[in-house]
Amino acid sequence: MQANILVVDDEKEIADLVQVYLENEGFTVYKCYTGKEALKVIEEKDLDLALLDVMLPEMDGFSLCRIIRQKHTWPVIMLTARGEEMDKINGLSLGADDYITKPFSPLEMVARVKAQLRRARLYSEGEKKEADVLDFAGILIDRSTHTCQLNERTLNLTPTEFKILWLLCENRGKVLSCEELFRKVWGEKYFTNSSNTVMVHIRHLREKMGDATDKPKYIKTVWGVGYKIDG
C-alpha cells in the first residue's frame, strides 16, 4: 500500500517516531511541526491522509482539520495527549475520521492509518464503479462490463449500439443531435448523410429494446433536433 501522509506534531520525538514507523511500511511522509508549515504542504502535495496533533503552535489541529475539509476528503486522524470526550467530539464534528490518544502504540497507529486508507480507497472504487453503471426506468447499463439489461432481459448490443445507448442514458432528459451522437460515437467529421447512419443504429436499438417506432417508450425522436431518453 503506497500513500502520501502528512504528519503534524510540535513534539519532535513523536513526529520522528511516527515518520519512522510509517516509512517502514513504505509510505511517503511529509513531516511538519506547525500548522502553518502543514498548510504549505497541503497546497503543494497530493496527500492521501493526515495525522494532526490537536495542540499545535500558531494554529491548532482542529483549525487545520477545518481548513482541510474545505477542499479535501482524504482521511484525517487526530492525535492528542488529552483523552477528554469533548475533544474527540470536536474533532469528529469537524470532519476527522479517527482519534488517537497519546501515549499510543506505534503499531496501533500504523494499523489505524492502514484501516483509514483501505476505507477511503474502497469508497473511491465504489464511486468509480457507480459512475460506470446507469440504472433507471428498467434500463441497467454497465460500461465496465459492456452489458445492458432492459427489465432484467439482456440486450445483445453491438459496440456502436452500446455507445449510443450509453450516451443517451448518460444525458437522459437532454436531446442529443445526430451530429453530436455521430462525433462522439464514430469520432469522425459529420456530413449530411451521416444522420442516416445514426438513424439506422437508432432503429436497430429500438428493435432490440422492443420499442415502437411510432410511440417509443425509451428512445424518443425530437423532430428537427435529435434523440433523447427521459429520466
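Numbers here are sequence positions counted from 1.
Remark: the backbone N or O of D142 is not paired with any side-chain donor or acceptor of D132 at under 3.5 angstrom. Panel note: side chain K208, backbone N156; a donor-acceptor pair is recorded below 3.5 Å. Side chain of D60 to main chain of V54: no donor-acceptor pair is present (N/O by atom type, distance under 3.5 Å, no hydrogens or angles). Formation of a donor-acceptor pair under 3.5 Å by the R143 side chain with backbone atoms of L134 is not found in this model. Side-chain atoms of E37 come within 3.5 Å of backbone N or O of Y33 as a donor-acceptor pair.
Residue S195 holds its OG atom at 9.5 Å from CZ of F182, rounded to the nearest 0.5 Å. We find the CH2-CG distance between W74 and D46 to be 9.5 Å, quoted to the nearest 0.5 Å. The line from CG of D53 to OG1 of T34 is 12.0 Å long, rounded to the nearest 0.5 Å. Interatomic distance, Q70 CD to C65 SG, rounded to the nearest 0.5 Å: 10.5 Å. Taking CD1 from I164 and CG from L157, the interatomic distance works out to 10.0 Å, rounded to the nearest 0.5 Å. If you take NZ on K71 and CD1 on I42, they are separated by 10.0 Å, rounding to the nearest 0.5 Å.
Grouping the Ile, Leu, Val, Met, Phe, Trp and Tyr side chains by contacts below 4.5 angstrom, directly or via other members, places L181 apart from V175. Cluster annotation: W166 and F136 are assigned to the same hydrophobic cluster (Ile/Leu/Val/Met/Phe/Trp/Tyr, side-chain heavy-atom contacts under 4.5 Å, transitive). Taking hydrophobic clusters as Ile, Leu, Val, Met, Phe, Trp and Tyr residues chained together by side-chain heavy-atom distances below 4.5 Å, M199 does not share a cluster with V222. In the hydrophobic cluster analysis, where Ile, Leu, Val, Met, Phe, Trp and Tyr join through side-chain heavy atoms closer than 4.5 angstrom, V41 is grouped together with M78. The hydrophobic cluster containing V200 does not contain L176, counting ILVMFWY residues as joined when their side-chain heavy atoms lie under 4.5 angstrom apart, directly or transitively.
Taking the side chain as every heavy atom from C-beta outward, K102 and D9 approach each other to under 4.5 Å. Considering only heavy atoms from C-beta on, L39 comes within 4.5 Å of M59 through its side chain. In this structure the side chain of V198 reaches within 4.5 angstrom of the side chain of W186, judged on heavy atoms. Counting heavy atoms from C-beta on, the side chains of R206 and T221 come closer than 4.5 Å. Two residues are said to be in side-chain contact when any heavy atoms from C-beta on lie closer than 4.5 Å; T160 and K163 fail this criterion. Counting heavy atoms from C-beta on, the side chains of V7 and L79 never come closer than 4.5 Å.
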- Task: Could you give me the CA-CA distance, side-chain angles and deciding distance for H201 and L205, then say whether side chain to side chain contact (heavy atoms under 4.5 Å, CB included) is met?
- Result: CA-CA 6 Å; H201 283 81; L205 261 174; 5.9 Å; no
- Quick one: do E170 and I141 satisfy side chain to side chain contact (heavy atoms under 4.5 Å, CB included)? Show the steps, please. CA-CA 10 Å; E170 189 178 37; I141 184 166; over 6 Å; no
- Task: Could you please spell out the steps behind the side chain to side chain contact (heavy atoms under 4.5 Å, CB included) verdict for M109 and L51?
- Result: CA-CA 10 Å; M109 178 272 299; L51 283 158; 4.1 Å; yes
- Message: Working note: R112 + Y99, criterion side chain to side chain contact (heavy atoms under 4.5 Å, CB included); need CA distance, chi angles, decisive distance, verdict.
- Response: CA-CA 9 Å; R112 297 274 194 99; Y99 206 91; 5.8 Å; no
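With respect to D97 and R69, a salt bridge is recorded, a charged nitrogen being found less than 4.0 Å from a carboxylate O. A salt bridge does not link D98 to R119: none of the charged side-chain nitrogens sits closer than 4.0 Å to a carboxylate oxygen.
Of all heavy-atom pairs between G61 and L56, the closest is N-CD1, 4.0 Å. The two residues A3 and D48 have their closest heavy-atom pair at CA-OD2, 3.4 Å. Contact detail for G35 and L64: the closest heavy-atom pair is O-CD1, 4.0 Å. Contact record, A50 with I68: CB-CD1, 4.4 Å, taken as the closest heavy-atom pair. Heavy atoms only, all atoms of each residue included: I219 and M209 are closest at CD1-SD, 4.0 Å.
Other residues, nucleotides and ligands contribute over 12 non-hydrogen atoms within 6.0 Å of the CD atom of E44. Within 6.0 Å of the CD atom in Q2, the count of heavy atoms belonging to other residues, nucleotides or ligands does not exceed 12.
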Under 3.5 Å, sequence neighbours excluded: what are the donor-acceptor pairs made by side chains of residues 13-23?
unit_1, atom_1, unit_2, atom_2, d
D16, OD1, K31, NZ, 2.5
D16, OD2, K12, NZ, 2.8
Q19, OE1, K31, NZ, 2.7
Q19, NE2, E23, OE2, 3.2

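Using a 30° and 60° split on the angle between ring planes, H146 and F162 fall in the parallel class, below 30°.
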